[in-house]
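Everything on this sheet refers to the single structure shown next.
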Amino acid sequence: MSATAKKSSQARKTLQLVLVAVAALVLAGNFVLKSLGDDVAPAEGAEGSALVELDSLTVQDAATEDGYDREADFGSAWQDADDNGCDTRNDMLQRDLEDIELSSGDTCEVASGTLDDPYTGETIAFVRGENSSDVQIDHVVALMNAWTTGAADWDRPKRIAFANDPLNLVASDGPANMGKGAKDAAEWLPENQAYRCEYVARQVAVKAEYELWVTPAERDAMEDVLTSCPAEPLPAS
């Protein structure tokens with residue numbers, strides 16, 4: 001073998017050894033990172049975040065649903081609880097819809113508008129009439145859920161105020177709202193994953209404001225969502 005050929009062969013062997021060494025280092029690095037990942041602490045919430053506030057909520061099993069009556073306990077839907085001359089449903093439609101038009105000669109009733117539905121991510125054209133229920137006003141913390149986590153002990157005026165509190169209300173797709181029913185975060189989350197952090201943060205804010213408790217499963221579900229967005233703030237209204 002010529003000197004040139006020997007040098008070429010040695011160069012190839014050297015390159016192969018280098019590549020093998022690099023591959024070994026990469027594998028070792030991946031192993032170390034994986035090992036470290038197993039020990040990484042869960043995300044900590046930012047100050048004032050929903051994740052931090054979640055830790056302040058009492059955790060206990062749900063109470064019985066016995067005695068719950070929507071209208072008798074929380075009042076009829078919808079009332080003018082804030083005495084602004086407009087019922088709560090129309091207040092929320094005016095807050096959450098875009099391009100709204102009011103009924104002729106009325107300063108309250110929403111005749112039409114567009115909803116960027118937070119639960120499905122779809123755009124819904126709202127027109128008052130036979131399809132008005134296409135857009136509904138959801139109690140983010142359902143009234144029955146509230147009843148079984150503390151509200152059964154309230155007086156009726158407080159329950160009525162709760163049922164009409166904008167903090168606990170959001171305009172949403174009607175079928176999605178009906179599908180949710182009285183389910184908590186362990187049983188139902190919005191189909192629109194981009195809204196889940198904001199949705200759960202609002203539930204935490206409501207439960208904190210009204211000193212309602214959460215069940216163990218509900219708390220775990222809330223934490224699972226909020227860990228992915230530890231800086232998600234609590235909504236104020």
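Every heavy atom of this structure was used, including side-chain atoms; hydrogens, water molecules and symmetry mates were not.
- Residues P190 and R196 have side chains in contact (heavy-atom distance under 4.5 Å, counting atoms from C-beta outward).
- Around the CD atom of E101, the shell of radius 6.0 Å holds no more than 12 heavy atoms that belong to other residues, nucleotides or ligands.
- H139 and W147 have their aromatic ring centers separated by at least 6.0 angstrom.
- Side-chain atoms of I100 and S112, non-hydrogen and from C-beta on, never get closer than 4.5 Å to each other.
- Between W188 and Y199, the gap from one ring centroid to the other is short of 6.0 Å.
- Ion pair D73/R156 not flagged as a salt bridge, since none of the NZ, NE, NH1 or NH2 atoms sits closer than 4.0 Å to an Asp/Glu carboxylate oxygen.
- When all heavy atoms are compared, the tightest approach of D184 to A186 is OD1-N, 2.9 Å.
- Taking OG1 of T107 as the start and CG of N84 as the end, the distance is 9.0 Å to the nearest 0.5 Å.
- With values rounded to the nearest 0.5 angstrom, L115 atom CG is found 5.0 Å from D117 atom CG.
- Neither side chain, R89 nor N164, offers a donor N or O lying under 3.5 Å from an acceptor on the other.
- A side-chain contact (heavy atoms from CB on, under 4.5 Å) with L169 holds for exactly one of D96, D91, D138, I137; it is I137.
- Side-chain contact between W154 and L212 is present, with heavy atoms from C-beta onward closer than 4.5 Å.
- The disulfide (SG to SG under 2.5 Å) pairs that include a residue from residues 99-174 are C86-C108, where partners are two or more places apart or lie in different chains.
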Exercise. Would D61 and W213 count as a side chain to side chain contact (heavy atoms under 4.5 Å, CB included) if you check the C-alpha gap in whole Å, the side-chain angles of each, and the deciding distance to 0.1 Å?
Worked result: CA-CA 9 Å; D61 292 335; W213 70 78; over 6 Å; no
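- Under the 4.5 Å side-chain heavy-atom criterion for Ile, Leu, Val, Met, Phe, Trp and Tyr, V214 and L234 are members of the same hydrophobic cluster.
- Across every non-hydrogen atom of A77 and R70, the tightest pair is CB-NH2, 3.5 Å.
- At least one side-chain heavy atom of R95 sits less than 4.5 Å from a side-chain heavy atom of P166.
- Taking both residues in full, the closest heavy atoms of G129 and S132 are given as N-OG, 2.7 Å, listed atom of the first, atom of the second, then distance.
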Problem set entry | Step-by-step side chain to side chain contact (heavy atoms under 4.5 Å, CB included) determination, N90 to V110 | CA-CA 6 Å; N90 280 290; V110 176; 3.9 Å; yes
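- In this structure, Q136 CD and F126 CZ are separated by 11.0 Å, a value rounded to the nearest 0.5 Å.
- When only modelled atom types and interatomic distance are considered, N131 and D134 share no side-chain donor-acceptor pair under 3.5 Å.
- The cluster map of Ile, Leu, Val, Met, Phe, Trp and Tyr, joined by side-chain heavy atoms under 4.5 Å apart, puts Y119 and M92 in different clusters.
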For this session: Quick one: do K207 and E218 satisfy salt bridge (charged side-chain N to carboxylate O under 4.0 Å, His left out)? Show the steps, please.
Result: CA-CA 12 Å; K207 295 230 165 185; E218 183 182 11; 3.1 Å; yes
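- Follow the hydrophobic side-chain contacts under 4.5 Å out from L93 and you reach L102 in the same cluster.
- Taken to the nearest 0.5 Å, the CG atom of D80 stands 7.5 Å off from the CG atom of D87.
- With respect to the salt-bridge test (charged N to carboxylate O, under 4.0 angstrom), the residues R219 and D55 qualify.
- A single hydrophobic cluster is seen to contain both V140 and M222, as judged by linkage of ILVMFWY side chains at heavy-atom distances under 4.5 Å, directly or through other members.
- A heavy-atom distance below 4.5 Å is not found between the side chains of T148 and T64.
- Heavy atoms from other residues, nucleotides or ligands lying under 6.0 Å from CD of E187 number more than 12.
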For this session: Decide yes or no on side chain to side chain contact (heavy atoms under 4.5 Å, CB included) for E232 and S49, but give the supporting numbers first.
Result: CA-CA 5 Å; E232 183 69 34; S49 69; 5.8 Å; no
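- Under the 4.5 Å side-chain contact rule for hydrophobic residues, V59 and L226 share a cluster.
- In this structure, Y210 and F162 have perpendicular ring planes: the angle between them is above 60°, well past the 30° mark.
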